[in-house]
Amino acid sequence: MPRPFTPKIITANDLLEGDVIYFTDTNSWSRELTEAELIEDEAEAQLRLLEAEKDALRVVGIYLTDAKSGDNGPEPTHFREDFRRTGPSNYRHGKQEAAANV
Amino acid sequence: MYKYNDFDTAFLAERNAQFRAQVERRIDGSLTEDEFKPLRLMNGLYLQLHAYMLRVAIPYGTLNSDQMRALALLAEKWDKGYGHFTTRQNIQYNWPKLRDVPDMLDALAEVGLHAIQTSGNTIRNVTSDHFAAAAKDELTDPRPYAELIRQWSTDHPEFQFLGRKFKIAITGSSTDRAVTRAHDIGLRMVERDGVAGFEVIVGGGLGRTPLIGKVIRDYLPQADLLPYLESVLAVYNLLGRRDNKYKARIKITVLENGIDTIREMVEERFEERRRAFDGTDQLLLEEITAHFTPPKLRGGNVETYLAAYDADPVFRSWADTNLAAHRDDNHAIVTISIKAHGQTPGDATAAQMRGMADLAERFGYNELRISHEQNVILPHVHKSDLPALHAKLKEHGLATANVGLISDIIACPGMDYCALATARSIPVAQEIASRFDELKLEHDVGHLQIKISGCINACGHHHVGHIGILGLDRAGVENYQITLGGDATETAAIGTRTGPGFAYDEIVPAVERLITAYLSLRDSAEETFLQTYRRVGMDPFKAALYPEAQKKVA
Ligand code: HEM
Ligand code: SF4
């Protein structure tokens with residue numbers, strides 16, 4: 001029996017700013033994980049990755065990573081992606097700073 | 001200290017202009033990331049978890065006030081107001097924007113600083129004793145040699161594409177403050193028949209396979225330094241493995257071929273290479289050495305110091321902890337701790353950097369050092385200035401009296417910044433420091449080095465910490481392994497693993513149990529943690545760490 005597929009999101013870093021970004025279902029990039037497209041199908045995930053890679057001149061290090069569905073959109077399943085989503089723990093910099101400035 | 005000549009200045013300007021053009025071509029799309037990445041890495045620019053990171057070299061850890069101010073400027077103008085000093089005498093900026101990096105490099109070049117060879121498979125920033133030219137136990141200032149090595153290795157065509165990164169450390173003192181035994185090449189000044197030369201150590205290193213270096217030459221005349229280094233590197237370039245990145249460091253080459261074979265091959269090449277050196281390097285060395293003439297130390301009595309020492313317990317505690325013996329009895333070496341309890345080890349704000357630059361100018365003959373322990377040093381301070389200096393440090397939040405103590409922790413950036421990390425290290429360091437500050441045990445515990453890395457690469461030197469902590473990923477959760485008995489000095493040793501690791505919220509209590517065990521095990525307050533460990537061995541500490549396992553056995 002094939003293993004069940006863990007849903008995925010596509011993530012990368014922005015070329016100019018370096019910050020963490022996510023690929024959305026409208027083929028754009030968002031700084032919010034909640035706006036990422038959660039891909040439930042394995043073959044679809046590969047196709048979406050190819051689509052995202054068309055932006056390889058503007059974004060850096062594109063990859064698929066595990067995620068799960070949450071109340072406000074996708075959520076990370078691993079602590080690494082959780083830290084990438086929030087920013088470092090020693091200062092409220094990165095995403096946290098942006099959130100604080102809203 | 002070393003002053004750039006016209007050649008150096010022109011070289012940096014050209015290098016920076018080249019990189020500026022490369023950045024532009026990446027931004028306008030003419031370069032792909034695959035093409036651009038090696039170019040940015042050659043200029044110290046990494047891409048990390050949340051942003052870019054620029055790593056700037058502080059050659060042999062020596063800075064003047066203007067250079068420190070330039071570091072502050074970068075932090076303020078192009079970053080988020082702070083910088084992170086690393087175990088390799090570099091400073092890392094965690095938030096630069098790609099477009100700004102060429103401007104940052106230009107600002108550095110104005111004061112003779114750069115980011116060249118702070119990355120890549122080349123000879124990296126040469127590190128040295130942060131007490132150089134000031135320490136009482138020093139034979140010779142190692143920095144002219146470090147500068148000679150820097151000039152020789154910068155863009156050396158033979159050594160730009162080594163199998164792996166290559167790190168050289170040099171010390172002129174009998175006490176090893178440069179961790180020479182954990183470097184690809186360690187150089188220690190030694191005396192033979194009254195003439196100073198080098199003991200050459202090769203094949204040390206931390207990371208995946210931690211090894212203590214072996215002596216390849218117990219005495220090398222000073223004039224032979226460059227041809228000998230070239231010979232070691234040439235042998236490494238030839239024999240070093242390129243099939244497996246994890247076996248590519250010279251430590252593995254030495255391990256697999258044996259030190260005797262390596263020594264024979266090196267000596268053979270050395271005969272040839274030495275003939276090719278026509279003495280230019282020695283002329284250059286003379287020129288460099290002239291830039292390192294020690295400051296003219298002023299005289300005067302030290303009564304204000306003695307009076308403050310007697311009258312002010314806070315000053316006394318700081319003086320007892322943060323000062324080291326200077327070769328001139330009226331002077332002291334001041335270590336400024338940038339490890340206030342609960343702060344990120346190694347971080348300094350732009351204001352603090354400027355503050356330290358001002359203090360160095362006013363009290364310290366315009367010299368600063370960065371230590372591999374992630375602190376800042378004023379190497380020459382007249383003792384009568386210490387009370388005033390201490391008062392100023394307090395204003396800047398830089399008067400923490402914890403050098404060499406439990407909260408003087410080395411911590412790599414870990415998963416808060418580093419793309420290679422498997423767990424965080426910064427918050428662990430912060431919590432340990434805060435916890436022992438609450439307990440008010442720090443001064444009672446005495447000399448103790450805790451070193452933390454966020455992955456097996458060991459940038460936080462955990463293998464040579466008295467207590468080493470390694471953050472790992474165990475099935476998707478952070479887990480921390482402890483090693484004991486590591487030693488970074490002339491009696492270097494790799495620590496031994498205690499057993500299973502600890503979850504994130506268990507690691508601080510685990511360290512606390514280790515310390516409680518030590519306090520009950522030590523002979524007297526004079527016996528340090530490391531000495532106690534060496535006397536009693538692992539078992540009592542293991543029992544303290546894993547009480548549950550003990551119960552099961554019983
Ligand atoms: C961008 C962040 C960093 C990256 C990608 C990185 C990468 C690495 C890697 C891959 C190794 C293992 C080398 C090997 O064994 O072949 C290593 C070792 C090391 N790095 Fe880092 N590092 C980073 C930051 C730092 C920092 C912040 C420090 C100082 C705090 C540091 C100091 C060291 C040291 C001392 C070692 C071990 C000594 C040795 O080379 O044997 N690195 N690093
Ligand atoms: S030890 Fe690992 S986590 Fe820490 S800085 Fe080095 S590579 Fe990054």
Side-chain angles (χ1 to χ4, degrees), chain A residues 6-23 29-33 36 49-50 52-68 75-101, chain B residues 23 26-34 36-37 40 45-54 79-82 84 94-101 342-345 347 349 411 413-431 471 473 475-479 504:
Chain A
T6 313
K8 299 277 187 289
I9 53 166
I10 295 171
T11 179
N13 287 76
D14 180 73
L15 171 70
L16 296 176
E17 307 280 311
D19 56 345
V20 177
I21 50 177
Y22 305 96
F23 199 54
W29 294 90
S30 166
R31 276 157 174 78
E32 299 304 318
L33 174 57
L49 184 62
L50 286 175
E53 281 170 348
K54 289 183 181 163
D55 268 339
L57 281 174
R58 293 195 301 124
V59 306
V60 179
I62 304 167
Y63 64 94
L64 283 163
T65 184
D66 290 353
K68 62 180 188 231
E75 284 176 8
T77 57
H78 187 277
F79 62 88
R80 184 176 193 273
E81 289 305 328
D82 196 19
F83 298 145
R84 282 182 86 240
R85 164 175 74 160
T86 50
S89 37
N90 57 341
Y91 305 109
R92 296 193 61 76
H93 287 162
K95 306 262 176 208
Q96 302 159 96
E97 190 172 53
N101 287 337
Chain B
V23 168
R26 176 67 182 100
I27 291 175
D28 75 18
S30 9
L31 286 178
T32 65
E33 188 59 22
D34 284 349
F36 179 62
K37 189 176 173 185
R40 71 165 154 78
L45 185 64
Y46 289 73
L47 184 61
Q48 294 287 30
L49 223 47
H50 310 293
Y52 287 97
M53 181 275 277
L54 180 68
D79 207 88
K80 292 188 187 286
Y82 71 99
H84 178 75
N94 286 313
W95 304 95
K97 311 264 186 276
L98 181 57
R99 236 184 250 291
D100 293 335
V101 176
Q343 297 299 306
T344 305
D347 278 9
T349 64
M415 202 179 278
D416 283 308
Y417 297 92
C418 182
L420 302 178
T422 44
R424 286 173 301 169
S425 29
I426 291 170
V428 175
Q430 289 175 306
E431 282 170 34
D473 175 345
V477 288
E478 288 169 297
N479 187 274
Y504 181 82

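Just so we're on the same page: letters track the sequence lines, and every chain starts at 1.
Here Pro88(A) is the residue among Gly87(A), Gly18(A), Pro88(A) with the most heavy-atom pairs under 4.5 Å with chain B. If you tally non-hydrogen atom pairs under 4.5 Å between each of Leu16(A), Thr86(A), Asp14(A) and chain B, the highest count goes to Leu16(A).
Between the side chains of Asn90(A) and Tyr417(B), at least one donor-acceptor pair of N or O atoms lies under 3.5 Å. Between Tyr91(A) and Asp416(B), the side chains place no donor N or O within less than 3.5 Å of an acceptor N or O (distance only, hydrogens not considered). In summary, the side chains of Asp473(B) and His78(A) do present a donor paired with an acceptor at a separation below 3.5 Å, with no hydrogens or angles considered.
To the nearest 0.5 Å, atoms NE2 (His50(B)) and CZ (Arg85(A)) are separated by 12.5 Å. Distance check, rounded to the nearest 0.5 Å: CG of Asp28(B) to CG of Leu57(A) gives 9.5 Å. If you take CE on Met415(B) and OG on Ser89(A), they are separated by 10.5 Å, rounding to the nearest 0.5 Å. Note: Arg58(A) CZ to Arg26(B) CZ = 11.0 Å, rounded to the nearest 0.5 Å.
For chain A, the nearby parts of Leu49(B) are the backbone and the side chain; heavy atoms of each come within less than 4.5 Å. With a threshold of 4.5 angstrom between heavy atoms, Gln343(B) does not approach chain A through any atom at all.
Counting only heavy atoms from C-beta outward, the side chains of Leu15(A) and Glu33(B) approach each other to under 4.5 Å.
More than 12 heavy atoms of other shown residues, nucleotides or ligands fall within 6.0 angstrom of atom NZ in Lys97(B).
Under the 3.5 Å distance criterion, the side-chain polar atoms of Arg80(A) are matched with a main-chain donor or acceptor of Ala419(B).
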| task | Before giving the answer on side-chain contact (heavy atoms from CB on, under 4.5 Å), spell out for His93(A) and Tyr82(B) the whole-Å C-alpha distance, their side-chain angles and the decisive distance to 0.1 Å. | result | CA-CA 12 Å; His93(A) 287 162; Tyr82(B) 71 99; 3.3 Å; yes
| task | I would like to know whether Glu97(A) and Lys80(B) meet side-chain contact (heavy atoms from CB on, under 4.5 Å); could you show each step before the answer? | result | CA-CA 11 Å; Glu97(A) 190 172 53; Lys80(B) 292 188 187 286; 2.6 Å; yes
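Evaluation of the ring-ring contact (aromatic ring centres under 6.0 Å, His included) rule for Phe83(A) yields Phe79(A) as partners, not counting sequence neighbours.
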